[in-house]
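The next block holds one structure in the form of structure tokens; read it before the comments.
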Amino acid sequence: MGNMATEIVAFLLTVSGWILVSSTLPTDYWKVSSVDGTVITTATFWSNLWKTCVTDSTGVSNCKDFPSMLALDAYIQVCRGLMIASVCLGFFGAILALVGMKCTKIGGSETTKARLTVLSGFHFILGGLCCMTACSIYAHRITTDFFDPLFVAQKFELGAALFIGWAGSVLCILGGLVFCLSLSEGFSMRQAAQFLTSRNKQSKTTNSLHKETGEPSRQFGRNAYV
């Protein structure tokens with residue numbers, strides 16, 4: 001029962017993190033124009049992985065999609081690939097978790113379900129690392145331009161999407177680790193119980209044979225004088 005409850009907690013953590021990661025991908029505010037040193041702000045510039053926009057003082061926004069994928073900066077292409085990979089890994093990880101968890105009636109034998117659940121944990125960990133790497137690369141580019149005294153173009157600050165992505169990736173990694181650690185602990189406990197059971201059965205069988213034949217027992221240790 002305790003192992004099942006641990007799996008449910010891990011599943012809730014991973015699915016919540018995957019939802020946050022998936023919502024980060026289409027979120028608008030990956031970076032927002034900085035107002036540092038500006039007295040009057042007439043427009044706000046912001047962009048994400050797919051478009052760049054400007055919002056004037058009246059609240060009207062004009063957006064422009066990136067015209068060519070091949071003409072994009074390399075870091076944006078890398079972030080796109082990592083975020084899409086993170087969403088896909090989380091999707092397949094959720095399916096594997098539903099099939100492999102003990103509270104579900106599908107997935108086959110207990111050993112097969114345990115392997116599927118561990119594989120699901122690895123999917124979520126890898127997906128969380130992909131999202132964290134993408135957000136960190138994007139944030140590094142923003143902070144590098146912001147603190148560069150020779151950079152004279154419009155400077156930007158970290159947007160809300162980056163913090164949502166970091167939070168989602170942490171949840172995915174934590175849930176994946178709980179999946180893997182809880183099942184490895186369950187396997188070790190089960191193997192120890194099976195070893196003790198088989199040893200007791202073997203000792204009882206040996207003792208019964210010795211009693212039937214009248215030969216002295218040659219066991220050592222705890223059962224030496226049985």
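In what follows, every heavy atom counts, from backbone to side chain, and hydrogens, waters and symmetry copies are set aside.
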Going only through I, L, V, M, F, W and Y residues with side-chain contacts under 4.5 Å, is there a path from Y29 to I137? no
Quick check: Y75 with Y138 (ring centres under 6.0 Å apart)? yes
Within the distance-only criterion (no hydrogens, no angle test), does the side chain of S86 pair as donor or acceptor with the backbone N or O of C130 below 3.5 angstrom? no
Under 4.5 Å between side-chain heavy atoms, counting indirect links through other Ile/Leu/Val/Met/Phe/Trp/Tyr residues: same cluster for L181 and L126 or not? no
Taking every non-hydrogen atom, the tightest pair across C135 and L162: O-CD2, 3.9 Å
Less than 4.5 Å apart, side chain to side chain, heavy atoms only: is that true for T104 and V99? no
Test side-chain contact (heavy atoms from CB on, under 4.5 Å) on D28 and K51 and set out the steps. CA-CA 8 Å; D28 292 332; K51 60 186 177 180; 3.6 Å; yes
Closest contact, heavy atoms only, M83 versus L49: CG-CD1, 4.1 Å
Atom SG in C53, atom CG in D65: separation rounded to 0.5 Å? 8.0 Å
State whether the SG distance for the cysteine pair C172/C131 is less than 2.5 Å. no
Without swapping roles, check the side chain of N62 against the backbone of V54 for a donor-acceptor pair under 3.5 Å. no
Around atom CZ of F66, are there more than 12 heavy atoms of other residues, nucleotides or ligands at under 6.0 Å? yes
Mind checking the SG-CZ spacing from C103 to F11? Nearest 0.5 Å is all I need. 8.0 Å
Tell me whether V15 shares a hydrophobic cluster with V21, the cluster being built from Ile, Leu, Val, Met, Phe, Trp, Tyr side chains joined at under 4.5 Å. yes
Working note: I125 + L177, criterion side-chain contact (heavy atoms from CB on, under 4.5 Å); need CA distance, chi angles, decisive distance, verdict. CA-CA 7 Å; I125 292 173; L177 289 175; 3.7 Å; yes
Sub-3.5 Å donor-acceptor pair from the side chain of S169 to the main-chain atoms of G165, do we have one? yes
Indicate yes or no for a side-chain donor-acceptor contact from K31 to the backbone of E157 under 3.5 Å, with no hydrogens or angles considered. no
Quick check: closest heavy atoms across M101 and E7, and the distance to 0.1 Å? CA-OE1, 3.5 Å
Is there a path from I8 to L13 through hydrophobic residues (I, L, V, M, F, W, Y) whose side chains come within less than 4.5 Å of each other? no
After noting the C-alpha distance and the side-chain angles of V9 and V178, does the key distance pass the side-chain contact (heavy atoms from CB on, under 4.5 Å) rule? CA-CA 8 Å; V9 172; V178 171; 5.7 Å; no
Can you check whether F156 reaches D145 side chain to side chain, under 4.5 Å on heavy atoms? no
Residue pair K102 / T117, side-chain donor-acceptor N/O under 3.5 Å: no
For F45, does its backbone N or O pair with a side-chain atom of S33 as donor and acceptor, under 3.5 Å? yes
Hey, what do you get for OG1 (T133) to NE2 (H140), rounding to the nearest 0.5 Å? 13.5 Å
Interatomic distance, I84 atom CD1 to L89 atom CG [nearest 0.5 angstrom]: 12.0 Å
Answer whether the closest heavy-atom distance between the side chains of V170 and M132 falls below 4.5 Å. yes
Closer than 3.5 angstrom, by distance alone: can the side chain of W18 be matched with the main-chain N or O of V87 as a donor-acceptor pair? yes
Value rounded to 0.5 Å, distance of OG1 in T24 from CZ in F163: 12.0 Å
Kindly indicate, with the supporting measurements, whether the criterion side-chain contact (heavy atoms from CB on, under 4.5 Å) is fulfilled by R80 and W50. CA-CA 9 Å; R80 279 184 179 182; W50 314 101; 3.4 Å; yes
What heavy-atom pair brings S61 and W46 nearest, and what distance separates the two atoms? OG-CZ2, 4.4 Å
From T52 atom OG1 to K64 atom NZ, the distance as rounded to the nearest 0.5 Å: 9.0 Å
Between S23 and L20, the two heavy atoms sitting closest are OG-O, 2.8 Å
Where does the angle between the aromatic ring planes of F124 and F179 fall among parallel (under 30°), tilted (30 to 60°) and perpendicular (over 60°)? parallel
Please name the pair of heavy atoms, one in N48 and one in P26, separated by the smallest distance, quoted to 0.1 Å. ND2-O, 4.1 Å
Do L82 and I76 sit in the same hydrophobic cluster, where Ile, Leu, Val, Met, Phe, Trp and Tyr count as joined when their side-chain heavy atoms come under 4.5 Å apart? yes
